[in-house]
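Following: one structure in structure tokens, then a few remarks.
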Amino acid sequence: MTFKKAERTQATLKIALTGPSGSGKTFSGLILAAALGKKIAVVDTENKSASLYADMDKGPLAGIVFDVLDLEPPYTIVKYAEAIEAAEKAGYDVLLIDSISHAWAGEGGLLDKKAALDQRGGNSYTNWATITPEQERFKARILQAGIHVICTMRSKQDYVLEQNDKGKSVPKKVGLAPIQRDGMEYEFTTVFDIAMDHNAAASKDRTSLFDGQIFKISKDTGAKLMKWLKGAKAPAPKPAAALKPQPQAPAPAEEFPEAATTSPQPGPQMITATQREKVLRGIKALHDLGRKDETIWQGITAHVMKAKNREVTELDDLTSDEADLVVSYLDAWAEHLKAKPAQDAGNGRAS
């Protein structure tokens, strides 16, 4: 284990734009996207607002062409991840996600999921143990994307509690905060906060290009970022062995990309995003029929152990084959409960 001299190497840019509704996040995002690449994709959760800027014949967006995917609720992490993967596979240079606030606070987002868990009972604090891993996977999927990614986030007025001259705690306005989980904005290369007058300032900037400046985002902003990026050392080429195609079954389009392995034999195909969502739907159906978390998970683990002679401790431990078994098992269990009175439903195993 040895240290080596640190060097800045070229990577893809990850940019965030924050601001209240009407500040110009979508407009600015498209301007930046056009400066970062020629082939542009947009994921739109804002009621098709990006498409309003299509085919413009004058102004900063004149001549900019982009493809759009209108994302509808529920705004699940799986949908966002699949959209990112689709943009990568289609060969886009840059992806604008407008916005990622819905993944957190929109219909079907993580806060909705947390509220549903709380309603089922249990400890409100420990229920975050289900939400946090999903947020971390979402964050990692954005940051590890092999293309430039621009994310917009809505902003809201933020407050802190301060003691007044009478010793009482009172709320005080401290500016705007993005509608996403606390700290999400610090993961990006650069974060531009846009005000209602459309002027922007960099609240976080690893490039140091925009420190202390207030300006309107333009193509020049993107050009500066690209110049900074290209000034870094080119990434080392992959070894020839890594470039040689390995025979293997094609991965489903909806699956999260797996990390590269140095093993000559591919490992088992793990649970896909779509399978994960089907399992969660099956679990919810059993919740609605009165089954408890512990009972459901005991049934799942026992079923996998019986079928595959393998112990699993969490959902993401399942292989793709095991996930299909679990989905069928949960469906059968739900049908069993529906067909019999509750008192005859058994101890958590479908007959």
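What you see is a predicted model, and the numbers here were worked out from it, not measured in a lab. The figures here come from the full heavy-atom set of this structure, side chains too, leaving out hydrogens, waters and symmetry mates.
E136 and R181 are not joined by a salt bridge, as no carboxylate oxygen comes within less than 4.0 angstrom of a charged side-chain nitrogen. Under 4.0 Å is where a charged nitrogen must lie from a carboxylate oxygen, and between K308 and E322 no such pair does.
Looking only at atom types and distance, the side chain of T207 has a donor-acceptor partner in the side chain of D205 under 3.5 Å away. A donor atom on one side chain and an acceptor atom on the other are not found under 3.5 Å apart for Q180 and S99. If you check the side chains of Y75 and D112, you find no donor sitting under 3.5 Å from an acceptor. R154 and T18 share no side-chain donor-acceptor pair at under 3.5 Å.
K204 forms no cation-pi arrangement with Y186, by the criterion of a distance under 6.0 Å to the ring centre and an angle within 45° of the ring axis. Annotation: cation-pi geometry not satisfied between R291 and W297 (NZ/CZ under 6.0 angstrom from ring centroid, within 45° of ring axis).
Proximity of a side-chain donor or acceptor of K224 to a complementary backbone N or O of L209 within less than 3.5 Å is not detected. With hydrogens and angles disregarded, no donor-acceptor distance shorter than 3.5 Å links the side chain of D98 to the backbone of T45. Put simply, the side chain of E88 gets close to the backbone of G146: a donor and an acceptor are under 3.5 Å apart. Between the side chain of T301 and the backbone N or O of Q298 there is at least one donor-acceptor pair closer than 3.5 Å. Side chain of N47 to main chain of S49: no donor-acceptor pair is present (N/O by atom type, distance under 3.5 Å, no hydrogens or angles).
Hydrophobic clustering (ILVMFWY, side-chain heavy atoms < 4.5 Å, transitive): I131 and M153 are in one cluster. There is a path of hydrophobic side-chain contacts, each under 4.5 Å, that joins F27 to L32. Following chains of ILVMFWY side-chain contacts shorter than 4.5 Å, one cannot reach I194 starting from I214, and the two form parts of different hydrophobic clusters.
The environment of D197 atom CG is dense: over 12 non-hydrogen atoms of other residues, nucleotides or ligands sit within 6.0 angstrom. Counting heavy-atom neighbours within 6.0 Å of D55 CG, excluding the residue itself, gives a total of 12 or less.
Each of T189, V191, T190 was checked for a side chain to side chain contact (heavy atoms under 4.5 Å, CB included) with K14, and the lone residue meeting it is T189. With K278 as the partner, the side chain to side chain contact (heavy atoms under 4.5 Å, CB included) test is satisfied by one option alone out of D324, V327, V326: V327.
Ring to ring, F210 and F215 are close: their centroids are under 6.0 angstrom apart.
Within the model, atoms OG1 of T152 and CD1 of I179 stand 11.0 Å from one another, a figure rounded to the nearest 0.5 Å. Distance check: S320 OG to R276 CZ gives 14.0 Å after rounding to the nearest 0.5 Å.
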TODO: Could you check R141 against E85 for side chain to side chain contact (heavy atoms under 4.5 Å, CB included), going step by step and ending with a plain yes or no?
DONE: CA-CA 9 Å; R141 193 63 190 86; E85 184 172 355; 3.7 Å; yes
TODO: Would you sort out whether E82 and T274 count as a side chain to side chain donor-acceptor pair (under 3.5 Å), showing the intermediate values?
DONE: CA-CA 9 Å; E82 288 177 342; T274 297; 3.2 Å; yes
- [ ] Check the pair M184 / W104 against side chain to side chain contact (heavy atoms under 4.5 Å, CB included), numbers first and verdict last.
- [x] CA-CA 11 Å; M184 180 67 167; W104 181 249; over 6 Å; no
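Closest of all the heavy-atom pairs between I217 and I31 is O-CD1, 3.9 Å. Taking all atoms of both residues into account, the shortest heavy-atom contact from W333 to I296 is CH2-CA, 3.7 Å.
Residues that satisfy the salt bridge (Lys or Arg N to Asp or Glu O under 4.0 Å) test with E185, not counting sequence neighbours, are absent from this structure.
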